[in-house]
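Here's the structure we're looking at; comments come further down.
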Amino acid sequence: MIDGTAGVSGRRDADEALLDDPEALAERDPGGMLRHTASAGAQVRESAALAAEANLAVLADDGRPRAVVIAGIGTAGRTGDVLATVAGPRCPVPVIAHRSAGVPGWVGAADVVIAVSASGRSPEALGAAEAAHRRGARLVAVGAPDSQLQSIAEQARAPFIPVPRRAPARASLWALTVPVLLAARSLGLVKVNEADLAETAARLDADADRCRSAAESFVNPAKSLALALAGSIPIVWGSSPLATVAARRFGDTLSANARYPVVTGALGEAGRGRVGLLDGVFGGLAEGERDIFADPAEDDGEGTRLRLVLLRDGGLNAEDDTDEPLAVEERRADAVQTLAERRGVRCDVVTAEGGSALERLASLIAVPDFASIYLALAHGLDPMAVPAITEMKELSNQ
């Protein structure tokens, strides 16, 4: 019989002082998740170089595809969302992130399938690669070298971009994303040049420096965000399609690293219903009953409250071709901040910076990535080891 608490450790209340003790942080992060996350800029550079060595030019030989399917699960699946948002609404063909085994029934010789797996052995990516080969679709594979996925790509005589497995998949977003973007560039679907990649890598390096473990909480944006979220139910909304991808990525890392329940999505969708959470028992109702003189240390858990994190894009300029006018997105973001303030719900804002869509996306992902790890460490959790994931695999394989 499997013990349901095996390997589960940590504390319910966050240890704020721990975050300003670099030695203690290193001791509680034996798998090096902070170090792996700090390698994001290096991942961009390495993956760009590896993609350049692959024969991606052959993808253009048969012209523009009818559709592009990015097949993968978890972080690998998130690369499809990144491609879709970086390509933007002017992309000439549909870009579809597919998170199930195989491929959609309509996929055929007119389409391109990009199979992505950090390990090179996920059933979703392997099944998609095999189905693409069987149906005559153009195939690109991205994953660990000398893996099952590479074998399938070689059988199909398809381009394969090897991504060395140096970190868990959730800490390898950029290593997996860059080859997908460059494959799409070869197909003429997205404009990502070498300058964009260099600036994105530099942005990730700069944010890694700002979020380093030696930087104290009052100057470290990731530690500050982690402490703000401690003990709360986070709601993360993105103001634009690009910011929404970053919001969902933050939900991924908060759940996997810090084991926090989280609500994520687009601010436009939230305005059709989920914004009502601000009025609920964890929002305005709880805040209205708060005793401002109460000792937070005596909170018995009944005082759990919402914490809103708003990721604001702002766009490159007002003339961008977007799904919605920039002014509408900005007014909506201002409105939800006002709603939260009126109800006493705390709100943290992360604003995009950069001269390209890719760099702006990176600026919205980097600090939250680090924050999820610091939040885990503050609770005494090892962000690398997730017993429930291991246990679920064991139960599923039975």
Side-chain angles (χ1 to χ4, degrees), residues 5-46 75 118 164-175 201-232 234 249-260 262 295-297 299 307 309 346 348 350 362-390:
T5 62
V8 178
S9 62
R11 64 182 68 87
R12 188 182 187 284
D13 298 320
D15 182 354
E16 298 185 10
L18 175 72
L19 295 190
D20 287 329
D21 185 342
E23 292 184 2
L25 288 172
E27 180 181 342
R28 287 162 175 76
D29 183 23
M33 281 293 283
L34 284 172
R35 183 180 71 254
H36 293 313
T37 302
S39 74
Q43 290 178 30
V44 172
R45 298 184 188 92
E46 181 181 41
T75 301
R165 188 76 186 273
R166 298 195 174 97
R170 63 182 181 276
S172 305
L173 174 67
W174 296 101
R203 171 76 57 181
L204 291 167
D205 286 343
D207 283 336
D209 184 63
R210 290 197 302 146
C211 298
R212 66 192 185 278
S213 60
E216 296 182 333
S217 298
F218 67 91
V219 295
N220 185 320
K223 290 182 180 180
S224 297
L225 181 56
L227 292 175
L229 292 174
S232 72
R249 162 67 178 180
F250 194 18
D252 295 342
T253 57
L254 278 174
S255 296
N257 294 334
R259 283 64 134 179
Y260 264 54
V262 57
D295 183 355
D299 191 341
R307 185 83 185 204
V309 180
R346 275 64 170 174
D348 299 279
V350 180
S363 74
L364 292 175
I365 287 177
V367 171
D369 270 6
F370 279 100
S372 71
I373 298 171
Y374 284 125
L375 186 56
L377 296 173
H379 282 287
L381 297 166
D382 180 352
M384 175 81 79
V386 186
I389 294 177
T390 303

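These numbers come from the heavy atoms of this one structure, side chains and all, not from hydrogens, waters or symmetry mates.
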- Item | Closest heavy-atom pair and its distance - A222, C211 | CB-SG, 3.6 Å
- Query: Are any non-hydrogen side-chain atoms of W174 and I365 less than 4.5 angstrom apart?
  - Reply: yes
- Item | pair P383-D29: side-chain heavy atoms closer than 4.5 Å | yes
- Would you please say whether a donor-acceptor pair under 3.5 Å links the side chains of H379 and Y374? no
- Message: Restricting to salt bridge (Lys or Arg N to Asp or Glu O under 4.0 Å), what partner residues turn up for R28, sequence neighbours left out?
- Response: none
- Item | Heavy-atom closest pair, residues V262 and S255 | CG1-OG, 3.6 Å
- Message: To check you understand the geometry: which heavy-atom pair defines the closest contact between P368 and L225, and what is its length?
- Response: CA-CD2, 4.4 Å
- Does the side chain to side chain contact (heavy atoms under 4.5 Å, CB included) test come out yes or no for V367 and R210, once each step is laid out? CA-CA 9 Å; V367 171; R210 290 197 302 146; 3.6 Å; yes
- Message: Please find the pair of heavy atoms, one from P22 and one from S213, that lie closest to each other, and give the distance.
- Response: CG-O, 3.8 Å
- Message: Can you tell me how far apart OH (Y260) and CG (L381) are? Round to the nearest 0.5 Å.
- Response: 9.0 Å
- Between H36 and M384, is any pair of side-chain heavy atoms under 4.5 Å apart? yes
- Message: Going by side chain to side chain contact (heavy atoms under 4.5 Å, CB included), name the residues that satisfy it together with D20, two or more places apart in sequence or in a different chain.
- Response: E216, S217, K223
- Note on the structure: When rounded to the nearest 0.5 Å, the distance separating OG of S224 from CG of L19 is 9.5 Å
- When L229, D252, T37, L254 are each screened for side chain to side chain contact (heavy atoms under 4.5 Å, CB included) with S372, the one that passes is L254
- Going through the distances and angles, do L364 and R249 end up as a side chain to side chain contact (heavy atoms under 4.5 Å, CB included)? CA-CA 10 Å; L364 292 175; R249 162 67 178 180; over 6 Å; no
- Message: Determine whether a donor-acceptor pair (N or O, by modelled atom type, separation under 3.5 Å) exists between the side chain of D382 and the backbone of G31.
- Response: no
- With a 4.0 Å cut-off, would you call R45 and D205 a salt bridge? yes
- What's the verdict on side chain to side chain contact (heavy atoms under 4.5 Å, CB included) for L375 and R259, showing C-alpha distance, side-chain angles and the deciding distance? CA-CA 9 Å; L375 186 56; R259 283 64 134 179; over 6 Å; no
- Non-hydrogen atoms of R165 and A118 that approach each other most closely: CD-O, 3.5 Å
- Message: Using side-chain heavy atoms (C-beta onward) and a distance below 4.5 Å, is E46 in contact with P164?
- Response: yes
- Item | Closest heavy-atom pair and its distance - T75, A169 | CG2-O, 3.4 Å
- Query: What residues, two or more places apart in sequence or in another chain, satisfy side chain to side chain contact (heavy atoms under 4.5 Å, CB included) together with A206?
  - Reply: none
- Query: Going by atom types only, do N257 and R170 share a side-chain donor-acceptor pair under 3.5 Å?
  - Reply: yes
- Query: Within the side chain of R11, is there an N or O that forms a donor-acceptor pair under 3.5 Å with the backbone of A378?
  - Reply: yes
